[in-house]
Amino acid sequence: MLKLYNTLTRQKEVFKPIKEGEVSMYSCGPTVYNFAHIGNMRTFIFVDILRRVLKHNGYRLKGVMNITDVGHLESDSDTGEDKMETAAKKENRSPYEIAEFYTKAFFEDLKKLNIEKPEYTPKATDYINEMIDFVVKLVEKGYGYETSDGIYFDISKFPEYGKLSKINLEDQIAGARVEVNPEKRNPYDFALWKKAPKEHIMQWPSPWGMGYPGWHIECSTLGRVFLGDEFDIHSGGVDHIPIHHENEIAQTEALIGKPAVKIWMHSEFMMVDNGKMSKSLGNTYTISDLENRGYDPMDFRYFCLNTHYRKKLNFTFEGLDAAEIARKRLIEQLIAHKNASTAGNPALKEYYQKFDEAVNDDLNIPLALGVLWTALKEPKSRAVYDFAIYADQVLGLRLEQSAQQAQSEETIAEEDAIPEDIKNLAEQRLEAKKAKNYALADELRNQINQKGYLIIDTPQGYKITKK
RNA sequence: GGCACCAUAGCCAAGCGGUAAGGCAGAGGUCUGCAAAACCUUCAUCCCCAGUUCGAUUCUGGGUGGUGCCUCCA
């Protein structure tokens with residue numbers, strides 16, 4: 001039995017898809033105006049885990065993740081410039097080039113992190129007509145109105161506005177810093193469509209002249225286009241609860257007259273050194289940054305998996321180091337089980353059960369990882385290895401691949417990669433050891449070390465590996 | 001000013017009514033001429049105060065301390 005936490009009800013709910021055996025889900029994707037940072041990636045890892053758990057439960061998936069390549073303004077509440085345009089100006093390229101470049105980079109990051117690409121990853125600019133159609137209908141129904149700079153949604157027509165974030169609009173307005181746009185009927189009204197100034201590069205014809213879609217309408221539209229009126233899960237980062245997702249709810253429910261989404265799921269933020277991570281503070285890292293510092297993207301994935309998705313995750317390099325070591329040891333354990341001569345142990349059934357329970361309890365991956373570690377402490381056997389591979393279908397740590405790779409690296413190091421001079425030094429050291437000249441032996445070991453190799457004594461003799 | 005979340009060992013982190021999973025670090029040990037690696041063992045009574053209960057880290061109320069959102073960000 002799979003349980004998922006629904007932001008809308010603030011409760012874990014037993015999951016039951018609308019359509020038997022199939023899950024439809026929409027996940028807010030990236031705005032491709034820059035490289036995604038590790039905070040972004042945490043959310044996409046969460047989406048990936050969710051997808052894997054659903055599959056683990058036997059569901060077929062119909063997942064959508066949008067690529068926002070227009071209309072996301074500098075403020076989520078529709079003020080400032082379009083991010084794509086700003087980036088284009090800064091990099092002196094067209095917004096389309098920017099979008100293409102960063103979209104590609106985004107998909108590469110997904111691959112590095114072993115994140116499965118959802119079934120559909122539509123670009124906003126490919127669905128402008130559908131968005132216009134959506135806005136036209138809202139205006140017809142009396143939910144939208146025109147101002148000098150665009151079409152806005154009138155939230156006073158949607159009394160349930162705020163139900164996801166549980167905000168009371170009047171209280172909010174009292175103390176908040178809401179930008180005053182005198183043409184808006186209510187401070188929280190948001191743009192469905194923006195009229196484009198002449199110099200705006202991305203613009204399309206519409207019943208209201210040349211313009212471009214609002215960011216929120218993109219998600220509402222794409223969700224409908226691919227998944228229909230109603231779908232099972234909508235996910236995103238917690239920052240989207242108060243504006244973006246409230247607006248999506250308002251738009252879609254205004255249009256179809258009923259809730260579209262059954263379960264709203266949100267992943268918590270990542271912090272850096274106990275403070276918030278944000279582009280404006282400049283304390284963001286990309287996956288490439290981590291790679292340049294010598295980490296494997298899987299180290300980062302492991303790091304994320306160690307904390308539940310609804311808890312803030314404090315990123316530190318100390319923490320990432322711990323993850324790196326832990327993952328390395330995990331793989332070593334795995335190899336030992338893989339090479340074991342004994343086949344199995346029926347008591348393992350309990351681990352399968354515990355693992356599934358953990359994972360199905362609102363994606364309790366930290367607990368599931370603990371189950372895996374405990375299983376690895378069992379006597380070495382193929383059965384444990386098989387269990388680990390089973391677990392990895394959900395964890396996505398590429399365990400099988402890593403084990404293979406680690407083993408073949410070892411073989412290569414043993415067979416050829418050791419240069420003659422290093423072998424000579426090792427032989428000399430062996431002689432020195434036989435002669436009990438330990439000072440010389442240690443000195444030779446140092447020399448080997450300095451040349452970038454590690455010499456280890458084993459009962460079968462010494463072993464050299466590249467550092 | 002409003003809203004929300006959180007508080008478990010040196011660090012990260014599960015558990016959420018019956019006396020604390022797991023990882024990193026540390027300590028002790030096995031192995032070694034010494035190391036390294038590996039392996040084994042070990043390491044907490046859960047922010048404070050009241051209450052409910054036979055029993056609370058787990059529920060309720062009140063504190064204190066963090067963090068986030070209402071500007072930008074997943």
Side-chain angles (χ1 to χ4, degrees), chain A residues 7 10 27-31 33-34 36-47 72-77 79-80 83 162 165-179 187-188 235-244 266-271 274-281 283-284 302-303 305-316 318-327 329-330 332-333 336 354 358 361 364-377 432-434 436-439 441-442 445-446 449 454-459 463 465:
Chain A
T7 306
R10 307 281 154 115
S27 309
C28 282
T31 301
Y33 68 110
N34 206 336
H37 61 242
I38 53 175
N40 297 313
M41 294 331 281
R42 181 193 187 191
T43 298
F44 297 123
I45 289 174
F46 150 68
V47 172
H72 195 172
L73 303 191
E74 272 165 14
S75 160
D76 282 359
S77 42
T79 55
K83 290 179 178 185
S165 45
K166 312 256 187 280
I167 50 166
N168 176 323
L169 286 178
E170 277 148 38
D171 292 346
Q172 288 293 308
I173 293 160
R177 297 158 282 181
V178 177
E179 185 138 342
Y188 274 77
S235 72
V238 280
D239 58 318
H240 285 155
I241 298 172
I243 296 176
H244 185 49
H266 295 92
S267 66
E268 251 299 348
F269 261 31
M270 174 170 267
M271 316 212 293
N274 273 313
K276 78 173 177 175
M277 163 196 274
S278 77
K279 287 177 181 164
S280 55
L281 290 176
N283 61 354
T284 61
Y302 185 97
F303 176 78
L305 262 36
N306 200 224
T307 302
H308 187 83
Y309 78 91
R310 280 192 286 115
K311 281 213 162 173
K312 291 183 189 71
L313 208 201
N314 185 28
F315 178 85
T316 59
E318 202 188 6
L320 189 58
D321 285 340
E324 184 187 27
I325 295 170
R327 192 178 72 88
R329 289 193 185 150
L330 187 72
E332 277 164 5
Q333 291 285 329
K354 280 188 178 161
D361 182 16
N364 194 340
I365 303 298
L367 182 61
L369 262 182
V371 174
L372 175 59
W373 275 103
T374 310
L376 288 171
K377 284 186 184 150
K433 275 181 65 178
K434 277 183 187 160
K436 296 208 192 295
N437 185 349
Y438 296 122
D442 289 350
R445 179 166 61 199
N446 276 337
N449 261 325
L454 215 61
I455 186 158
I456 295 159
D457 293 326
T458 72
K463 199 170 134 187
T465 52

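Quantities reported herein were computed from a predicted structural model and do not represent experimental measurements. Per chain, numbering begins at 1; letters A, B, ... match sequence-line order.
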Could you check whether A/F269 and the base of B/G68 form a stacked pair, meaning centres closer than 5.5 Å and planes differing by less than 30°?
-> no

Check the geometry between A/Y438 and B/G33 and answer yes if their rings are stacked (centres below 5.5 Å, planes below 30°), otherwise no.
-> yes

[X], nearest nucleotide to its side chain (from [options]):
X      : options             : result
A/N306 : B/G68, B/A14, B/G22 : B/G22
A/N40  : B/C70, B/A14, B/A74 : B/A74
A/H37  : B/C11, B/C5, B/A74  : B/A74
A/I325 : B/U67, B/A25, B/C11 : B/A25

What nucleic acid atoms does A/G236 come within less than 4.0 Å of, heavy atoms only: base, sugar-phosphate, or nothing?
->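 If one applies the 4.0 Å heavy-atom cut-off, A/G236 turns out to touch the sugar-phosphate alone, with no base involved.
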
Between atom CG in A/N437 and atom C1' in B/C34, what is the gap in whole Å?
->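 Rounded to the whole Å, the gap is 13 Å.
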
Quick one: A/R310 CZ to B/C6 C1', roughly how many Å, whole number?
->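 So the CZ-C1' distance, A/R310 to B/C6, works out to 12 Å.
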
Watson-Crick or G-U counterpart of B/G65, or none if no pair lies under 3.5 Å =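 Base partner found: B/C6.
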
Side-chain-base donor-acceptor pair under 3.5 Å for A/R445 and B/A35 | yes

Considering only heavy atoms and no angle criterion, is a donor-acceptor pair shorter than 3.5 Å present between the side chain of A/D442 and the base of B/G33?
->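 Such a pair exists between side chain and base.
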
C1' atom, B/C3 versus B/U45: distance in rounded Å?
-> 34 Å

Residues which pass salt bridge (charged side-chain N to carboxylate O under 4.0 Å, His left out) with A/D321, listed by chain and number, not counting sequence neighbours =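 A/D321 satisfies salt bridge (charged side-chain N to carboxylate O under 4.0 Å, His left out) with no residue once adjacent residues are dropped.
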
Take A/G370 and A/D361, find for each the nucleotide of RNA chain B with the closest heavy atom, and name the residue whose nucleotide sits nearer the 5' end.
->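 Its nucleotide being nearer the 5' end, the pick is A/D361.
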
